[in-house]
2 protein chains.
Amino acid sequence: MATIEDVARLAGLSRTTVSRVINNHPYVSEEKRQTVRSAMEQLGYVPNSIAQRLRTQTNETVAVLIPRLSNPFFSHLVDAMEDIAALYRFQLIICQTKSGKEREILYLDWLKTRQIGGVIFASSENDWQDIKRYQQYGPILFCNEYPPGTEAPIIHLDQLQGGYMGTQHLIERGHTKIGYCYSGRQNTNIRDRFKGLKLALKDHGLSIKEDWIFKDAYDTKDGGRIYYEIMALKDRPTAVFTGSDEVALGIIAEARRNGTHVPKELAVLGFDDQPIAGLMDPGISTVYQPVKDIGKMAMELMIQLIRGGHPVQQITELPLHLIVRAST
Amino acid sequence: MATIEDVARLAGLSRTTVSRVINNHPYVSEEKRQTVRSAMEQLGYVPNSIAQRLRTQTNETVAVLIPRLSNPFFSHLVDAMEDIAALYRFQLIICQTKSGKEREILYLDWLKTRQIGGVIFASSENDWQDIKRYQQYGPILFCNEYPPGTEAPIIHLDQLQGGYMGTQHLIERGHTKIGYCYSGRQNTNIRDRFKGLKLALKDHGLSIKEDWIFKDAYDTKDGGRIYYEIMALKDRPTAVFTGSDEVALGIIAEARRNGTHVPKELAVLGFDDQPIAGLMDPGISTVYQPVKDIGKMAMELMIQLIRGGHPVQQITELPLHLIVRAST
DNA sequence: CAATGATATGGAATCGATTTCATTTTAGTT
DNA sequence: AACTAAAATGAAATCGATTCCATATCATTG
């Protein structure tokens, strides 16, 4: 591998001049510039970016922490982030935390050892106080989810508004007995969404029964189980606000198998607007989250911060959109 | 940020000794070892890995080139790769090529500039000759797809066997008029799969009509269109082997809407075994690809190569599995 | 007791770039 | 022609580690 030294020698000039040519600095005569260029060409020289990073103390790599990539929400989020990163020639490192506290810290340590320039949390299990101490090593920001008390830039979706909007839609369709499913995990997003639901109910003089709240709702299988749990109730909800399209799909599939009409006997509202939602028959009404938008915004901001911007404790909140199909 | 120099000064020892402690080298007395340890502790010192990389000329980061992350096949593949990378404390960099030749080369240049230690191609648009020249800068291997003539390690799925197996299944179900859909792109995988189909037909004294080959089949929408194309034919296939579950889903959905019975009037075989395949009613028969397995194997091999293994021109081929549901 | 090998430690070179500072050359002004 | 500012160039320091080589101490052995 040719080094800057080799180029300098071949060109009969100093390393300084070669460096100036590489970095397009002024005060190099056109003649020498050409000499250097051809020497670089001849040797197939490219600057060693590790050496550059060490010298300039910059690191144009961003780590993104997500629970797992096979979750479509996160793969779409990272997809959008990578587009922006590539645009600025930044590198994007994938870190799957598997929702583990220790894994998160493991990846944060990469910030400490200067392996990466900044960290975007797309989900987080640790408390803010434990993450905070890493801020001194580089910019940290949150996209989508964030721990309570976060003192760092946050770009997220207005889950409260999403919960409110979805619930209001069900109420407008004439439902007064509305059920709710959620994963059972407690994070800001899930909490806010539930707050939105309760707020909408309250604003319309309604409330939710304890029996109508279903936990551990992650996938289609859970949806199937929840269908039976609903049917087993004496006082049943006539509509369910599920936390995900998968769960909605599970409920709808089981309902069909058992001859329960959707939405007449049971209305089902999904969340996410994943491809399946539009393809099912009946199509699943759902709440669309502008994932790509927050992904792009987060990466844009991160790049600015790494390039020397000042981290402002700013909160950006994007609205969710209701997509009405046939299931409600 | 504390440097090794600071630690040495505080401990009253040389940088050499501190380095020896960091790297667990012998010939350091237990006493000094403790002195160094506590100095490191006191200063909150961690070695700068950029400096380490420069000095040791090692780079424990791997770039994975995929068309796009929102394609579930690739997000699952990368998921598996990241698990292994994390295990060895390697970094995984995501590179979405958007199936663009130039983008591929852009990322390959990162190998040249030493930003990354090795590259895994999960798909590739460039010819082998154009990729070959980058081998001198670090290990390159192919996982899933590869250009003809590749002289690098390949880990892939036996698409020929997959095509054969799927076709044989349809023949066993009594079909003699079998249609085929594919993306229209030409890569080794798609070609091999088609070869498998033709081979199975030939072995049973059958053949395919030009009219029964449908191109530009990427998603559900295309599936819908293809359904009508099939129905418009005078001499119709009674079964279709689609290149993806999405396309199969599109055909099935449109068939149902038009009262065409699946599988009686038209049998549909998918590919990939994506979650929807099992959830649909009727469930989609499909060909399952052990994606996680090739992902893990590829990353294991890459790490060995980066650690100084000898790249052998080896080809690892994993079999596909048939999953029979209700659509065939 | 001298010779030898194992253990411990540090000085200085090195990895491959950028940048400061000093020096020389050129161009412009009076 | 003399003077000054701008342009061009290079020597050497620097980023933060590792490692080669030299040297010093210690224990062991014949």
Side-chain angles (χ1 to χ4, degrees), chain A residues 1-37 39-40 43-61 109-117 137-138 307-308, chain B residues 1-37 39-40 43-60 109-117 137-138 308:
Chain A
M1 282 297 297
T3 71
I4 196 171
E5 177 73 48
D6 301 327
V7 176
R9 205 185 345 256
L10 178 61
L13 292 163
S14 72
R15 299 208 301 271
T16 313
T17 305
V18 178
S19 173
R20 287 210 181 89
V21 173
I22 295 168
N23 296 287
N24 287 313
H25 281 167
Y27 298 157
V28 177
S29 68
E30 195 49 41
E31 184 204 347
K32 314 270 170 173
R33 197 178 293 273
Q34 286 310 324
T35 315
V36 170
R37 287 258 163 75
M40 299 200 317
L43 294 170
Y45 169 81
V46 274
N48 180 320
S49 64
I50 296 298
Q52 288 179 316
R53 282 194 211 173
L54 176 60
R55 180 59 235 234
T56 59
Q57 304 279 34
T58 56
N59 192 337
E60 306 203 319
T61 62
D109 279 328
W110 283 354
L111 191 61
K112 215 169 165 179
T113 58
R114 309 277 143 183
Q115 308 217 45
I116 52 180
Y137 304 114
R307 292 225 168 133
Chain B
M1 282 297 296
T3 70
I4 196 171
E5 178 73 50
D6 300 328
V7 176
R9 207 187 341 260
L10 179 61
L13 292 163
S14 72
R15 298 209 300 272
T16 312
T17 305
V18 178
S19 173
R20 287 209 180 91
V21 173
I22 295 169
N23 297 287
N24 287 314
H25 283 168
Y27 299 156
V28 177
S29 68
E30 195 49 40
E31 185 204 345
K32 313 271 170 175
R33 195 178 293 272
Q34 285 310 324
T35 315
V36 170
R37 287 257 164 74
M40 298 199 320
L43 294 169
Y45 168 82
V46 275
N48 180 319
S49 64
I50 298 296
Q52 288 181 316
R53 282 194 212 173
L54 176 61
R55 180 61 235 234
T56 59
Q57 305 279 34
T58 57
N59 193 338
E60 307 203 318
D109 279 329
W110 283 353
L111 191 62
K112 216 169 165 179
T113 59
R114 308 278 142 183
Q115 308 218 46
I116 52 180
Y137 304 115

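By convention in this document, chain letters (A, B, ...) are assigned in the order of the sequence lines, proteins followed by strands, and residues within each chain are numbered from 1.
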Visitor: Atom CG of B:N59 to atom P of C:dC15: distance rounded to whole Å?
Guide: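 About 18 Å, once rounded to whole Å.
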Visitor: What I'd like to find out is whether the side chain of B:Y137 reaches to under 4.5 Å of the side chain of B:T113, using heavy atoms alone.
Guide: no
Visitor: Using a 4.0 Å heavy-atom cut-off, write out nucleotides 17-23 of chain D from 5' to 3' as B (base contacted by protein), S (sugar-phosphate only) or - (no contact).
Guide: BBBB---
Visitor: Please round to the nearest 0.5 Å and tell me the distance separating atom CG of B:L111 and atom CD1 of B:I116.
Guide: 5.0 Å
Visitor: Look at the side-chain N and O atoms of B:K32 and state whether any lies under 4.0 Å from the OP1 or OP2 oxygen of C:dT9.
Guide: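 Yes.
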Visitor: Sorted by first residue and then second, give each salt bridge (Lys or Arg N to Asp or Glu O under 4.0 Å) pair with at least one member in residues 11-31 of chain B; sequence neighbours left out.
Guide: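 The answer is B:E5-B:R15, B:E30-B:R33.
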Visitor: Quick one, B:Q115 and A:R53 - any side-chain contact, counting heavy atoms below 4.5 Å?
Guide: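 Yes - at least one pair of side-chain heavy atoms lies under 4.5 Å apart.
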Visitor: More 5' along DNA chain C: B:P26 or B:Q57, using each one's nearest nucleotide?
Guide: B:P26
Visitor: If you look at every strand shown and take non-hydrogen atoms under 4.0 Å, does B:I50 touch a base, only sugar-phosphate, or nothing?
Guide: nothing
Visitor: Measure CZ/A:R114 against P/D:dC15 and give the value in whole Å, please.
Guide: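 These atoms are roughly 14 Å apart.
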Visitor: Does B:T17 put a side-chain nitrogen or oxygen below 4.0 Å from OP1 or OP2 of C:dT9?
Guide: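 For B:T17, the contact criterion (side-chain N or O under 4.0 Å from OP1 or OP2 of C:dT9) is not met.
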Visitor: Just wondering, do B:T17 and B:V28 contact through their side chains at under 4.5 Å, heavy atoms?
Guide: yes
Visitor: So do B:I22 and B:V7 actually touch side chain to side chain, heavy atoms under 4.5 Å?
Guide: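 B:V7 does not reach B:I22 side chain to side chain.
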Visitor: What integer distance in Å separates A:L43:CG from C:dG16:C1'?
Guide: 15 Å
Visitor: In whole angstroms, how far is the P atom of D:dA7 from the CD atom of A:E31?
Guide: 18 Å
Visitor: What is the distance from CZ of A:R9 to C1' of C:dG16, rounded to the nearest Å?
Guide: 13 Å
Visitor: Between atom CG in A:L54 and atom C1' in D:dA13, what is the gap in whole Å?
Guide: 14 Å
Visitor: Look only at the side chain of A:N48 and the backbone of A:I50, and say whether a donor-acceptor pair between them is shorter than 3.5 Å.
Guide: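 Yes; judged by distance alone, with no hydrogens or angles, the pair exists.
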Visitor: Does D:dA7 have OP1 or OP2 sitting under 4.0 Å from an N or O in the side chain of A:Y27?
Guide: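 True: A:Y27 side-chain N/O within range (under 4.0 Å) of D:dA7 OP1/OP2.
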